[in-house]
*Asks:* 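Pasting a structure below so you can have a look.
Just the heavy atoms: all of them, side chains too, but no hydrogens, waters or symmetry mates, feed the values below. Below, read A as the first sequence line, B as the second, and so on, with proteins coming before strands; counting in each chain starts at 1. All of these numbers come straight from a predicted model, not from anything done at the bench.
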2 protein chains.
Amino acid sequence: MAKQLQQQIDERRLMPGERLPSVRQLSKSSELSKNTVIKALHTLEAAGVVEARPKTGYFVKAQHLQSMPRKPKDTELKPTAVEVPDLFQEIMMRSAAFDVLPGGPETEPSLQLITLNRHLGRALRHKPQNKAMYYDAPLGLEALRFQIKEHYRTIGLNLATSEFCITSGCQHALFLALLVSCQPGDNVAVESPAFYGVLQLLQQLRLNVIEIPASPSKGISVESLTEATEKWKINACVVTPAYATPTGASMPEEHKKQIINLANQHDITVIEDDIYGDLCFGERPPPLKAFDTEERVILCSSFSKSLSRDLRVGWIVGGRWQNEITRLKLVNQLASNQSIQEGLTSFIAEGNYRRHLYQYRQVLKRQRDQLVLALRSYWPDSTRFSIPDGGLSLWIEMEESVDTKTVYQIALKQEIVLTPGALFSADDRFSNYLRLSFAHPAIGDRLKAIRILGDLFERKKRVIQ
Amino acid sequence: MAKQLQQQIDERRLMPGERLPSVRQLSKSSELSKNTVIKALHTLEAAGVVEARPKTGYFVKAQHLQSMPRKPKDTELKPTAVEVPDLFQEIMMRSAAFDVLPGGPETEPSLQLITLNRHLGRALRHKPQNKAMYYDAPLGLEALRFQIKEHYRTIGLNLATSEFCITSGCQHALFLALLVSCQPGDNVAVESPAFYGVLQLLQQLRLNVIEIPASPSKGISVESLTEATEKWKINACVVTPAYATPTGASMPEEHKKQIINLANQHDITVIEDDIYGDLCFGERPPPLKAFDTEERVILCSSFSKSLSRDLRVGWIVGGRWQNEITRLKLVNQLASNQSIQEGLTSFIAEGNYRRHLYQYRQVLKRQRDQLVLALRSYWPDSTRFSIPDGGLSLWIEMEESVDTKTVYQIALKQEIVLTPGALFSADDRFSNYLRLSFAHPAIGDRLKAIRILGDLFERKKRVIQ
């Protein structure tokens, strides 16, 4: 019984996240006793293949490890200067490849986006003369910071409104965090694969990177990070504990505590990128910041991935550096837009953000499964990828002979865009990896594009010199 | 006759910018011949006290020099590190003291602001799903850059749309300009008095400042700048040729050419702050950038002062550094808001920005005259100030014994805010100066506030320890 189910799961006839038939149904179809069925399910649960949800039944675990991409081979842990390839800017011009077919079919706006625009429109009409004449407060709109604070409170992070500072998105927050906590020449530890935006910042601020291997399911290796702290002075560590791009990894709570301990011990600033935190398909785990004991975690996030990239509203919780961060923000760009903050505030206060997340998580989960199915159907059998429980993307490992940068160039001729693994490291350790996003549904022309990519990989020996 | 008119002007019975009675009226009231009156007017015109405007008559020249604040005493021209006082952040929390009474009576929104909001609202409703899913292009909205380009074309600066990059305001543009053109430890020449925002940037980027004396009417001294280039390697020079804060000075065209020559000769990056350029009461002089022969002028500006501080839309023309600036902007904060750019574009395209400027310049000129009158009426006779032909503020010199920082602290207790001269220099050369803005009308409670300040200065010997 257990073997039979396992096989169905391996063959993706039962998809990750899908509910198993009920005990009664399984008993009936297999002609086995209910007790035998229950035993089989317990076996699978113990093996981490399925999970029980109280009063709902058994589900295929999303993080089913069989086809996960592997950690890259061990490379020496040492600081290096960052020199990000020009490819980054090129890909940024193509919407950071979060869409395999930029400019592809448009989606209807969600009801919540229409509601959001009504709130923004109303805020624009409120005291326009005053807003035209006065800049926003240095920390940003207090009422918005209150709403964000309240949102974090529901997931186990208790902060004061005054601990938040509004920024122009998460990248801006990461910039301020690194600027305030590091001097040129300092060493910064990052997950490997890393978010390319952070690698770019390290280059701009003349900081050295130490790339710490990260597992596609559990994130940064605490063991490797510990090893690195023993060898080198590490000034800051940038981590994305929740559904990191590109892997979608989610850091276990135990690791969070260990990282805080390590940071306290070695005086490391921990910069937490929480931008994907709200895109969880199950329960939202508390941020790393919730375990901070010495005001040394700087939390960075924004509404760009969870609501709208066009708001340009992010936030930073600066801990012990809060005043200095606010000063840097002022000097750097003075102020944020007040109307947008006001509209966003009333939108959240009326429960719309909560409703939006509830629906959007379901949409993203469906799109993740569509993408998984497309890869299973059209890509080589040797393809390995993560199936994350949240976030926006799959991290895909191809056979070692494949250079995804080359495939990127070939696909581009058909206006198909992927994110080559090269972007996620300061050296070339991910040349046979790539990231695909499920921010858009893998249907219609986008499904076709994924199929074309699959063909390219299948025919790689002929196509790629 | 000439003496009599001169006296009326000196006593401010005839205000700067005011039209003189007609030749016929003057002849009648003085019982002198028309020819004698015309001769007297010619004398005054030659002395630079009045100016003739074709087919309209004679006007009191706005830049009437008698009561101008003096250039500070010569200080040695040498690079120094910048350490801006904490006072800056405190004043920024109070709307940068562009309002003597922050939170004072509100003004009705102008028709143009209501129109602007209609355009912004319409843009928000246009393809909201697409904007939520895709970031803005790295250079910003092309249609908006086209409108800005066209606006500059009308004042003698011919550029291509691709030469502009949209930023989050002028401060953000200045930050990018300094970041791209200087290395830590480099020397940057600025006008003295300087814009405090630039001094803050120099501190943040660890650049040294060389403060070049500037005249309250003609701006930076080319002679002093030349002297400085002979003594020191100057990497960049930040200037505000049009209605600089705090003096309101306007750089003569001849000086612009000399500065370009000097920059070419010594390989200096010229960073032009044009934020007040559109707030001219007479003809808009062409920007310094119009005289650039080697792509070494970086033009920075925004709509914050001329239209709305809440748009957070500025621009940078990066010259030879354009690609690198765009890359830095991406890394720094990724993108700008697309809806606001779209709404602003259609607002400008329909001629609304032009109409707004036409009206707003008249409003500002009236408010300048109100402020001048208030100072003449309620402040000590020894008060000296500039009467600029544009911009937003008066630069005021008090007797040498006055410390405007102390007056700032005293006034604050009555919620009255001024900008002390200390903010406009890295050393303490302007301790008896202050800036007052005419961004708001000097009427009602604001007039009262200015009167209270005047009393404070009158009673300074008793009040100020």
*Asks:* State which residues pass side-chain hydrogen bond (donor to acceptor under 3.5 Å, both in side chains) with B:Arg355; sequence neighbours excluded, sorted by chain then number.
*Replies:*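 If we apply the side-chain hydrogen bond (donor to acceptor under 3.5 Å, both in side chains) test to B:Arg355, skipping adjacent residues, the hits are B:Asn352.
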*Asks:* Got a second to check how far B:Leu176's CG is from A:Gln333's CD, nearest 0.5 Å?
*Replies:*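 Interatomic distance, B:Leu176 CG to A:Gln333 CD, rounded to 0.5 Å: 9.5 Å.
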*Asks:* Could you grab the distance from atom CD of B:Gln129 to atom CD1 of A:Ile114, nearest 0.5 Å is fine?
*Replies:* 9.0 Å
*Asks:* Please look at B:Ser304 and chain A and tell me whether the side chain, the backbone, both or neither of the residue comes under 4.5 angstrom of a heavy atom of that chain.
*Replies:*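 Both parts, backbone and side chain.
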*Asks:* Against chain A, work out which of B:Leu174, B:Leu113, B:Leu139 has the most heavy-atom pairs shorter than 4.5 Å and name it.
*Replies:*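 Greatest number of close heavy-atom pairs with chain A: B:Leu113.
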*Asks:* Measuring from atom CG of B:Leu124 to atom CG of A:Leu120, what distance do you get when rounded to the nearest 0.5 angstrom?
*Replies:*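 Answer rounded to 0.5 Å: 5.5 Å.
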*Asks:* Examine whether an atom of B:Arg206 lies under 4.5 Å from a heavy atom of chain A, and if so say whether it belongs to the side chain, the backbone or both; otherwise answer neither.
*Replies:*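 For B:Arg206, side-chain heavy atoms alone lie under 4.5 Å from chain A.
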*Asks:* Roughly how far apart are A:Asp310 CG and B:Glu342 CD, rounded to 0.5 Å?
*Replies:* 8.0 Å
*Asks:* Of the listed residues (B:Leu179, B:Leu311, B:Leu201, B:Asn332), which shares the most heavy-atom pairs with chain A below a 4.5 Å separation?
*Replies:* B:Asn332
*Asks:* What are the two closest heavy atoms between B:Asn117 and A:Pro128, and how far apart are they?
*Replies:*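 Distance-wise, the nearest heavy atoms are ND2-CB, 3.2 Å.
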*Asks:* Please say whether more than 12 non-hydrogen atoms of neighbouring residues, nucleotides or ligands are located less than 6.0 Å from CD in B:Glu324.
*Replies:* yes
*Asks:* Between B:Ala137 and chain A, which part of the residue has a heavy atom less than 4.5 Å away: side chain, backbone, both or neither?
*Replies:* neither
*Asks:* Quick check on the interface: out of A:Gln171, A:Gln203, A:Arg125, who has the most heavy-atom pairs with chain B under 4.5 Å?
*Replies:*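 When all of A:Gln171, A:Gln203, A:Arg125 are compared, A:Gln171 has the most.
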*Asks:* Got A:Gln204 and B:Arg327 here, is their nearest side-chain heavy-atom distance under 4.5 Å?
*Replies:*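 Result no, sub-4.5 Å side-chain heavy-atom pair not found.
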*Asks:* Under 3.5 Å, is there a donor-acceptor pair between the B:Arg312 and A:Gln338 side chains?
*Replies:*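 There is no such pair (donor and acceptor under 3.5 Å, judged by atom type) between the side chains of B:Arg312 and A:Gln338.
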*Asks:* Under a 4.5 Å cutoff for heavy-atom pairs, which residue among A:Ser336, A:Gly121, A:Ala439 has the most contacts with chain B?
*Replies:*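 Most heavy-atom pairs within the cutoff with chain B belong to A:Ser336.
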*Asks:* First locate atom CZ of A:Phe175, then atom CG of B:Leu328, and finally report the distance between them rounded to the nearest 0.5 Å.
*Replies:* 9.0 Å
*Asks:* Has A:Arg309 got a side-chain atom pairing as donor or acceptor with B:Ala132's backbone, closer than 3.5 angstrom?
*Replies:* yes
*Asks:* Measure the OG-CD1 distance between A:Ser339 and B:Ile340 for me, rounded to the nearest 0.5 Å.
*Replies:* 7.0 Å
*Asks:* List for me each residue that meets salt bridge (charged side-chain N to carboxylate O under 4.0 Å, His left out) alongside A:Lys305, sequence neighbours excluded, and say none if there are none.
*Replies:* none
